[in-house]
Amino acid sequence: MSVDATMHVVRPSKRDAVLDWLQMLTGAGLILFMWCHMLLVSSVVISPKIMNAIAYFFEATYMAQVGGPLIFLTFLLHFVLAARKIPFRADGQVTIWRHARMIKHRDTWLWVIQAVTAMVILVLGSIHMWVVLTDLPITAAKSAARIQSGFWFIFYMILLPCVELHVSIGFYRIAVKWGFVKDSGRSAFKKGENTLFLTFMVIGVITLIRFMLLG
Amino acid sequence: MQTFYSDLLVIGAGLAGERVAVEAAENGFNVICLSIVPARRSHSSAAQGGMQAALGNCAMGEGDNTDVHFGDTVKGSDWGCDQEVARLFADAAPIEMRRLAHWGVPWNRVVPGQSFYFKGGQKFEKFENPENEGLITARAFGGTAKWRTCYTSDGTGHAVMCTMDNRCAELGINVMDRKEAVALIHDEETCMGAIVRCLRTGKLETYLAKATAICTGGFGRIYKATTNAVICDGGGHILALDTGMVPIGNPEAIQFHPTGIVPTDILVTEGCRGDGGTLLDVNEERFMHIYEPEKAELASRDVVSRWMTHHMREGKGVKSSYGEHLWLDIRHLGDQHISHKLREVDDICHHFLGIDPRKQLIPVRPTQHYTMAGIRTNKDGAAYGLKGLFSAGEAACWDMHGFNRLGGNSLAETVVAGGIIGDKIVEFLKGYETKFKTEIINQQYRRQEQRIKDLISGRNGNESVYDVRHEMQEALMKGCFVFRNGPDLEETVETLEKLLDRSSRVGLHSDGAGVNHELGSALKIRGQIKLAMCIATAALNRTESRGSHNREDFPERNDRDWLTRTLAYWPTEDAAKPDLMYEDSSQIFEIPPGDRGYGGGTIIPADENMVKERTITKK
Amino acid sequence: MGRELQFEIFRYNPQKPEVAPRMQTYKLEETPNMTLFIALNRLREEQDPSLIFDFCCRAGICGACAMVINGRPGLACQTKTKDQSGKITLHPLPVYKLIGDLAVDTGVWFREMYAKTESWVHTSKIFDPTKEEERMDNKVAEDIYELERCIECGCCVAACGTARLRDDFLGAAALNRIARFHIDPRDERSDKQFFELVGNDAGVFGCMGLLACEDVCPKELPLQNQLGFLRRKMGITAIKEIFRK
Ligand SMILES: Cc1cc2nc3c(=O)[nH]c(=O)nc-3n(C[C@H](O)[C@H](O)[C@H](O)COP(=O)(O)OP(=O)(O)OC[C@H]3O[C@@H](n4cnc5c(N)ncnc54)[C@H](O)[C@@H]3O)c2cc1C
Ligand code: HEM
Ligand code: HEM
Ligand code: SF4
Ligand code: F3S
Ligand code: FES
């Protein structure tokens with residue numbers, strides 16, 4: 001390495017900056033979506049009628065037909081962007097696992113969890129979206145029927161924690177990476193995040209049980 | 001044999017070394033800088049206090065100027081310094097501080113308005129002039145008439161070292177770390193460079209240069225208890241002494257600090273006592289007031305160290321697995337004070353002792369701290385005896401410190417002397433050409449190679465280098481520490497003589513492969529004992545007490561016979577002792593020898609005519 | 001009598017490739033206030049003079065002695081054995097080139113870093129020795145010093161998963177260095193110029209926010225805040241540049 005190597009003559013590329021923005025924005029967008037999604041789905045706990053009404057509203061306004069595929073695209077884009085950071089080659093995998101085990105550091109483990117859950121979400125999330133979006137309209141009854149049949153309950157019991165973990169870690173990460181949360185606020189924010197994660201998990205599980213019990 | 005060539009080879013990349021390198025590089029010369037550790041780890045970065053320069057910006061520094069700084073320095077040296085050099089230094093220091101600011105040092109600045117400060121545990125008020133807002137400010141240090149010590153929080157050395165190393169990076173200077181010089185290449189007239197051991201591979205390399213500068217810092221590590229880094233082991237001094245041509249100036253002038261912690265000997269600041277901390281003995285009773293009724297703990301460094309040592313000799317020391325020590329008590333200063341004003345001390349106690357100074361006592365003892373002794377140079381920084389060899393910083397005896405250096409003056413010396421001497425080297429290099437004699441180069445290379453082979457094979461014996469070193473360190477602690485006296489010094493000289501003999505039989509207990517540390521130590525041990533011997537014989541010879549050199553049997557300062565500087569030469573490799581020569585301390589006096597105004601003691605005056613002849617008045 | 005400590009130390013000397021890397025066990029009796037500096041030196045002087053490790057200041061201020069202590073990068077000289085269990089496992093820092101046993105080459109890595117970040121004040125002004133120094137607000141000076149406190153121990157880089165995955169990643173120490181010059185009013189570099197140095201995946205956009213750097217830094221530098229600040233600053237600079245066209 002010599003000093004000349006840093007004397008750029010070419011214009012600096014803004015590619016990495018743009019991709020980082022997009023990764024963050026798609027992630028943030030998906031978080032927002034997941035929260036709305038939670039409103040829709042868990043409304044069944046209060047009453048299947050409310051859920052049906054919300055679903056109907058989305059359908060009537062064509063938001064489901066257009067929004068659904070849009071979300072799917074965002075989902076894929078986010079995957080492609082975030083995948084730049086995931087080691088797919090064996091030696092990279094070995095390095096990061098060994099590293100995480102070595103330093104026993106919470107935030108490093110959180111990243112590993114995020115990457116692993118991402119893989120699960122990629123597969124299960126795609127299947128889920130495909131199944132739901134090819135079987136419009138959404139109604140509480142159809143959903144209940146689906147969840148009560150086959151292994152769908154287990155399917156969601158895997159997808160749900162993965163999503164909630166990934167979302168809450170992602171939320172935390174955006175905040176610290178971009179400096180929205182400072183070092184002084186970090187531990188409090190993390191606690192808040194954990195509470196949020198638990199709340200969503202509980203609501204999610206209750207929702208699934210409600211679907212199971214919906215006659 | 002890998003060979004590197006440059007106009008200037010700087011051995012040592014501390015503040016002094018890099019400052020010299022910068023000066024030469026700015027003038028278009030090709031410079032290589034060598035260091036045992038990455039440059040920023042050099043011990044310069046350990047200095048927390050600050051650098052003295054008479055800027056006179058802060059309220060308590062008002063009216064300060066280079067004359068006052070000069071006077072403090074001369075008195076501090078106990079008239080042992082070269083006054084021409086002290087003058088050069090005092091005059092250049094303010095400019096150098098501003099230059100450092102220009103290069104990026106984040107000096108603390110004057111904040112206008114009212115504020116408070118503590119002295120002797122009491123609170124006083126001061127008012128900073130709004131006109132000086134934003135100029136470089138200063139803090140108080142021992143032995144100075146004004147607040148003159150420029151600083152950056154509690155990391156002055158570190159901050160300046162970063163800036164200097166950045167400047168080297170900017171100029172593209174080749175600073176090579178993990179390189180340890182083991183011998184100079186010279187033909188008894190001219191220095192041609194050095195043989196260097198690479199501390200990545202363990203291999204020897206050759207560095208050839210028109211000019212060579214030794215800036216390797218102090219050599220505290222030949223003592224058992226020292227505040228110095230483990231690399232401050234005299235490597236550079238050994239290079240010079242081994243030539244037989246270059247003398248060590250004032251080897252007996254070694255400074256001791258009262259409060260190094262036990263174990264590890266890390267320095268805790270004088271501020272502890274300044275703010276009202278006390279020293280306690282094994283019975284947890286104060287004792288300083290018995291010896292110094294007036295100043296007690298607040299007497300000067302050398303005085304406190306002296307009494308602490310005395311008290312331990314009386315059997316009042318605390319025994320521990322790391323030897324005897326005393327206690328420093330700052331518990332009564334309270335949480336508020338310790339958390340804010342003595343944060344650094346709090347940290348050291350926490351990290352290295354695992355104690356809370358609010359509740360527990362700090363184990364301390366006098367500890368070697370600084371070497372006024374060094375490679376003797378003239379005021380241009382050119383070493384006596386060899387052409388093309390220079391030295392600067394703590395490694396050198398440029399001699400602005402004489403027998404006692406003032407706090408804040410050594411860090412300032414590194415950059416000020418580095419600048420001045422760098423400039424002189426540039427002058428020397430301009431139009432200078434030399435011949436590199438391959439015969440001499442190869443000879444020296446092979447000699448070093450052979451030494452390594454012999455150490456590894458154990459051809460000369462298998463004395464453990466660690467044992468020999470340990471005994472050398474103990475011998476110095478016994479005879480050449482805070483107090484010295486005839487019988488102890490004679491015993492030390494005797495011990496060292498035996499050790500010097502044993503050192504020739506050192507052999508490795510490991511295989512010496514690669515960056516082996518045992519080999520590194522073994523290559524140095526003989527030279528270290530020679531240095532120790534220089535200290536001991538010079539101290540034995542000097543039958544007076546001056547600055548940090550305290551002879552119990554000769555307590556007065558004797559200007560009549562000893563207004564001189566010791567020059568210790570090591571005549572031949574198999575000599576048992578150094579040749580001691582003497583030269584006058586100063587050719588001129590701006591301030592004729594007199595009372596320091598502190599420390600007490602009697603003075604045997606110098607010859608009046610001599611003093612009169614040499615006294616000049618500043619234009 | 002103190003505890004008997006058991007040390008598991010990584011051993012490999014690249015100058016002797018025929019001997020494979022291995023863990024070696026040593027035993028040592030604990031003494032009061034023992035630090036790893038004391039312990040390792042005793043091991044070398046009393047038991048195994050071939051042990052290679054680095055110390056310099058032994059006071060936690062030079063950064064020479066960083067190593068992986070029971071899994072965590074940290075400074076050996078300021079690690080008290082008292083705070084560790086009876087078994088202490090030591091490894092060299094990852095990421096850096098191994099010199100031997102516990103010693104690694106941080107020097108070359110950091111000098112490259114200076115070049116990559118152009119770690120010096122960029123100014124067009126010329127120093128005038130006859131003039132008073134340029135004024136600076138004391139608060140600004142203190143803020144700069146806060147970031148200048150880095151001792152280049154390398155712990156933050158060794159602890160960073162990103163740095164282990166990609167060897168061109170600059171790491172927190174380098175990004176902190178950029179932040180140090182960014183807030184220095186003497187440095188005339190524009191955001192765009194800083195962007196050229198660190199506005200990519202080898203620089204600030206490569207950081208995945210793992211924050212191990214923040215958590216291991218022995219000098220407790222505010223790395224998280226600096227990384228966040230830089231990401232925003234560089235991110236915004238990129239967008240401004242795009243719209244300027
Ligand atoms: C704890 C402590 C606190 C101090 N605080 C202050 C203070 O507040 N104010 C003050 O004025 N002074 C202070 N001093 C003194 C001052 O820090 C030193 O005198 C000064 O920094 C020495 O600088 P230097 O450049 O001469 O040497 P150093 O900074 O010690 O540099 C020596 C260089 O030489 C290299 N080297 C050594 N041997 C070899 C070899 N054989 N081959 C190649 N390279 C070699 C080293 O790697 C290093 O780069 C303090 C000293 C100590 C120990
Ligand atoms: C509903 C689905 C998803 C949501 C809500 C979501 C959300 C997020 C968020 C908010 C982040 C933080 C972004 C950042 O740090 O810049 C993130 C990061 C990440 N996501 Fe997702 N994500 C989803 C699906 C996926 C999928 C399918 C994958 C891929 C396989 C994936 C892989 C990752 C990875 C690897 C990161 C870490 C990137 C980094 O640290 O730089 N995510 N995600
Ligand atoms: C536009 C896209 C989406 C639509 C229309 C949609 C719709 C639904 C519906 C109707 C249900 C009820 C169960 C069922 O009918 O099977 C459901 C549940 C669920 N969905 Fe989606 N979904 C979408 C995208 C996603 C994405 C991207 C994820 C995450 C990766 C996701 C995760 C889940 C989970 C975990 C459940 C179980 C919920 C719970 O128990 O609270 N969905 N979704
Ligand atoms: S930022 Fe901290 S951990 Fe990193 S090199 Fe600097 S001091 Fe060490
Ligand atoms: S650990 Fe590494 S990924 Fe970023 S937050 Fe620190 S540099
Ligand atoms: S030896 Fe300097 S930090 Fe540990």
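A quick note: this is a predicted structure, and the numbers were derived from the prediction, not measured. Throughout, a chain's letter reflects where its sequence line sits, starting with A, and its residues are numbered from 1.
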Any chance you could measure [X], atom [atom1], to [Y], atom [atom2], to the nearest 0.5 Å?
X	Y	atom1	atom2	result
C:Lys80	B:Leu353	NZ	CG	8.5 Å
B:Tyr322	C:Asn33	OH	CG	6.5 Å
C:Gln78	B:His350	CD	NE2	8.0 Å
B:Lys203	C:Gln15	NZ	CD	5.0 Å
B:Ser510	C:Arg44	OG	CZ	10.0 Å
B:Arg40	C:Cys150	CZ	SG	8.5 Å

Measure [X] against the heavy atoms of chain B and call it side chain, backbone, both or neither at under 4.5 Å.
X	value
C:Glu132	both
C:Val104	backbone
C:Ile151	both
C:Leu147	neither
C:Glu148	both
C:Ile52	side chain
C:Lys139	neither
C:Phe127	both
C:Val140	neither
C:Thr130	neither
C:Arg58	both
C:Phe181	side chain
C:Asp187	neither
C:Ser119	both

Using a 4.5 angstrom heavy-atom cutoff, name the option from [options] with the most pairs to chain C.
options	result
B:Cys168, B:Ser320, B:Ala39, B:Gly155	B:Gly155
B:Met97, B:Arg99, B:His470	B:Arg99
B:Ser153, B:Ser45, B:Ser42	B:Ser153
B:Thr264, B:Asp511, B:Asp467	B:Thr264
B:Thr227, B:Ile36, B:Val465, B:Ile231	B:Thr227
B:Ile266, B:Leu135, B:Val110, B:Ile95	B:Leu135

| field | Listed partners of B:Thr152 passing side-chain contact (heavy atoms from CB on, under 4.5 Å), at least two apart | value | B:Val105, B:Pro106, B:Trp107, B:Asn108, B:Thr156, B:Ala159, C:Tyr145
| How would you list, by chain and number, every residue that makes a side-chain contact (heavy atoms from CB on, under 4.5 Å) with B:Glu26, sequence neighbours excluded? | B:Val22, B:Glu23, B:Trp103, B:Arg167, B:Leu171
Give, as side chain, backbone, both or neither, the part of [X] having an atom under 4.5 angstrom from any heavy atom of chain C.
X	result
B:Val111	side chain
B:His509	both
B:Asp154	both
B:Asn228	backbone
B:Asn57	side chain
B:Ser321	side chain
B:Val175	both
B:Leu199	backbone
B:Arg178	side chain

| message | As a quick check of understanding, evaluate salt bridge (charged side-chain N to carboxylate O under 4.0 Å, His left out) for B:Asp177 and C:Arg111, giving each step before the final call. | response | CA-CA 10 Å; B:Asp177 65 297; C:Arg111 289 217 91 74; over 6 Å; no
Name the option with the most non-hydrogen atom pairs under 4.5 Å to chain B; the candidates are [options].
options	value
C:Cys56, C:Ser50, C:Gly63, C:Gly107	C:Cys56
C:Pro32, C:Ala103, C:Pro14, C:Cys153	C:Pro32
C:Ile144, C:Val121, C:Ile99	C:Ile99

Taking all non-hydrogen atoms of both residues, which atom of [X] and which atom of [Y] are closest, and how far apart?
X	Y	answer
C:Glu45	B:Arg469	OE2-NH2, 3.1 Å
B:Ile136	C:Glu133	N-OE2, 3.0 Å
C:Lys82	B:Gly354	NZ-O, 3.5 Å

| Within a strict 4.5 Å, meaning less than it, do heavy atoms of the B:Pro263 and C:Ile38 side chains meet? | yes
| message | Do B:His102 and C:Lys131 have side chains that approach each other closer than 4.5 Å (heavy atoms only, starting at C-beta)? | response | no
| query | Going by distance alone, is a donor N or O of one side chain under 3.5 Å from an acceptor N or O of the other, for C:Thr106 and B:Arg41? | reply | yes
| query | Is a side-chain donor or acceptor of C:Arg135 paired with a backbone partner of B:Glu133 at a separation under 3.5 angstrom? | reply | yes
| task | Using atom types as modelled and distance alone, determine if a side-chain donor or acceptor of C:Arg186 lies under 3.5 Å from a backbone N or O of B:Ala101. | result | yes
